[in-house]
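What follows is a single structure, written as structure tokens, with notes after it.
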2 protein chains.
Amino acid sequence: MNLLSQSQIVAFENKMENFIPNHSVDCVILGYEDQQLKVLLLKWKMHGGWCLPGGFIFKDEDMDDAAHRILQERTGLHQLFLNQFYTFGNQKRAEHPTDQDGRLIKESMTQLGFTKPAVLKWFNKRFITTGYFALVDIAKAQPQPDFLSAACEWRPVNALPKLVLDHNEILEKAIVHLRHQLNYVPLGLSLLPKKFTMQDLQKLYEAILGKPMERSNFQRKILKLKVLVRREKLMSGAANKAPYLYSFDENSYHRLIKEGIGF
Amino acid sequence: MNLLSQSQIVAFENKMENFIPNHSVDCVILGYEDQQLKVLLLKWKMHGGWCLPGGFIFKDEDMDDAAHRILQERTGLHQLFLNQFYTFGNQKRAEHPTDQDGRLIKESMTQLGFTKPAVLKWFNKRFITTGYFALVDIAKAQPQPDFLSAACEWRPVNALPKLVLDHNEILEKAIVHLRHQLNYVPLGLSLLPKKFTMQDLQKLYEAILGKPMERSNFQRKILKLKVLVRREKLMSGAANKAPYLYSFDENSYHRLIKEGIGF
DNA sequence: GCAAAAGTGTTCTCTATACACCCATGG
DNA sequence: CCATGGGTGTATAGAGAACACTTTTGC
């Protein structure tokens, strides 16, 4: 029995001709929840392997726009913070040393119900892929599997499954890039609720950097950037001093992203 | 009269089928001479426009290897320091706002002597291009034009001609990337002669960063990295104190490139 | 009052920067 | 001796890390 409906198959066959061959885009979509950094993954219908959300570039579409489109399709979000970080051009990306998924893809095509030689050929081709990463608000995102996937879920980056192809490597490089970025741009607007405490922000930084930071120094460092506006205190009901709530001054925030943090 | 010989045309026609379609590699090859940062440019046979050395990726070749091959073909050098910095995927790269070279390419094909429809089609296609940059020793490089070019020359980056397509943008991005890199890795081994004075190194940094630096502070900063070995003094014949000569300790240098400069 | 967490202050070290000073060299 | 550029020293300001102290809150 075919995993795809006939209309899904025809839809892809029609679109396929309008894609640039040999090039794809993969998105590392990161979010923050339960004090953990999470990444949006897809689970393939075929053999159940996990992968990054990705797609192809239409012939009349800028590559950046393709990345935005993929992000939008998987999360429903339009996102400003979407960054290209690297292009993976190894010939044997599909035949990663510890990975036979390249072979598995081929075998899976008939399972899915694809029969046209052109389609089989398409998925057997070598693809160069460009990686983008985005930071989104998990609460606002509505994960949508694509037609090849049975599931679309947030997974903590600290406990990841083995991903297909070289997607573990892509994700790893995205996170290195993100940590690096943290030295140059402010972060958090798209990952935190409108109002948050300094502890919330610190936990976010700690989740990204993977290491604890010193409380008082963190506060000073962030406040010195002048991107936060101090609001009312949060009466949590806990037996301790009530922390201030903060929100981002969006003007300062975006100016700082453009200009970078004093370097 | 055709600008290409029949054998050049046939050679390309044969190779063409083995290239990945729609993707190219462009190399920003930088060198240092006369206290100036220079870039290797090619001058097209057709309309005489200047461009970055570039090429295509063979179907059985890693993209990084393609970049190394292009560098080798244009300079005769094998170079370790060759870095991918960005991939340019705009649909209308060839139709840059201030540039009509996309059209010029098409018109030039027949001038060159290409007649096969497949070749004409090849050059009319949209290409996504990945930029690499290298730092090489101009003294060791032997610039070689490719079959499409009439000249291959070092040009100072401070006085550049208008380049074809979006190559000015690519070069600009490479230099920003290089300046950024300067904060993380040591630099100079491939750009300076074996032995050099501290002033030589400083002039190099100033050429890359495009701004003057303080003499005594520069010296301390560099020496603290522990990548330089102090040699004998240079008796230049000038009426002033003789400066020390230095050379790189290659082990420390490459270790530092790998590990980065304390961040 | 007490525990817990927040806000603020202090100390120390390290770095960057600017500039001062003396040294070597050849005319 | 003097002009020129090289090597080293010093003073100051700012950043970052570690930690101490005080304040607020609910029980």
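Side chains included, hydrogens not; waters and symmetry mates left out as well; all remaining heavy atoms used. Throughout, a chain's letter reflects where its sequence line sits, starting with A, and its residues are numbered from 1.
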* To do: Please identify each residue that fulfils side chain to side chain donor-acceptor pair (under 3.5 Å) with A/Ser236, with sequence neighbours left out.
  => none

* Taking CE from A/Met198 and C1' from D/dT24, how many angstroms apart are they, rounded to a whole number? -> 17 Å

* Structure fact -> Residues passing the side chain to side chain donor-acceptor pair (under 3.5 Å) test with A/Gln202, sequence neighbours excluded, are A/Glu206

* How long is the line joining CZ of B/Phe218 and P of D/dG6, in whole Å? -> 12 Å

* Set of side-chain contact (heavy atoms from CB on, under 4.5 Å) partners for A/Arg220, sequence neighbours left out -> A/Ser216, A/Asn217

* With A/His23 via side chain to side chain donor-acceptor pair (under 3.5 Å) - residues at least two apart -> A/Thr130, B/His23

* Distance, rounded to the nearest Å, where B/Lys203 contributes NZ and D/dG5 contributes C1' -> 11 Å

* Contacts of B/Thr75 that satisfy side chain to side chain donor-acceptor pair (under 3.5 Å) - sequence neighbours left out -> none

* To do: Starting from the 5' end of DNA chain D, give me the residue, B/Tyr244 or A/Asn240, whose nearest nucleotide shows up first.
  => B/Tyr244

* **Nucleotide D/dG16, atom C1' - distance to CG of A/Asn183 in whole Å** => 13 Å

Kindly give the atom pairs (protein nitrogen or oxygen, nucleotide nitrogen or oxygen) under 3.5 Å for nucleotides 19-22 of chain D.
residue : atom : partner  : partner atom : Å
D/dC19  : N4   : A/Ser216 : OG           : 2.4

* Asked: Which comes earlier along DNA chain C counting from the 5' end, the contact point of A/Leu223 or that of B/Met235, where each point is its nearest nucleotide?
  -> A/Leu223

* Aromatic ring proximity B/Tyr205/B/Phe218, centre distance under 6.0 Å -> yes

* Could you state the CD-C1' distance from B/Gln219 to D/dG6, rounded to the nearest angstrom? -> 8 Å

* Structure fact -> For residues 62-78 of chain B, the salt bridge (Lys or Arg N to Asp or Glu O under 4.0 Å) pairs (sequence neighbours left out) are B/Glu61-B/Arg69, B/Arg69-B/Glu73

* To do: Verify the contact: side-chain N or O of B/Gln199 to OP1 or OP2 of D/dG6, cut-off strictly under 4.0 Å; return yes or no.
  => yes

* Structure fact -> chain B reaches DNA chain C, atoms under 4.0 Å from its heavy atoms, from C/dA16 to C/dG26

* To do: Quick one: closest heavy-atom pair of B/Gly54 and B/Asp26, and the distance?
  => CA-OD1, 3.5 Å

Between side-chain atoms of residues 134-142 of chain B and protein atoms elsewhere (two or more places apart, or another chain), which donor-acceptor pairs fall under 3.5 Å?
residue  : atom : partner  : partner atom : Å
B/Asp137 : OD1  : B/Ala139 : N            : 3.0

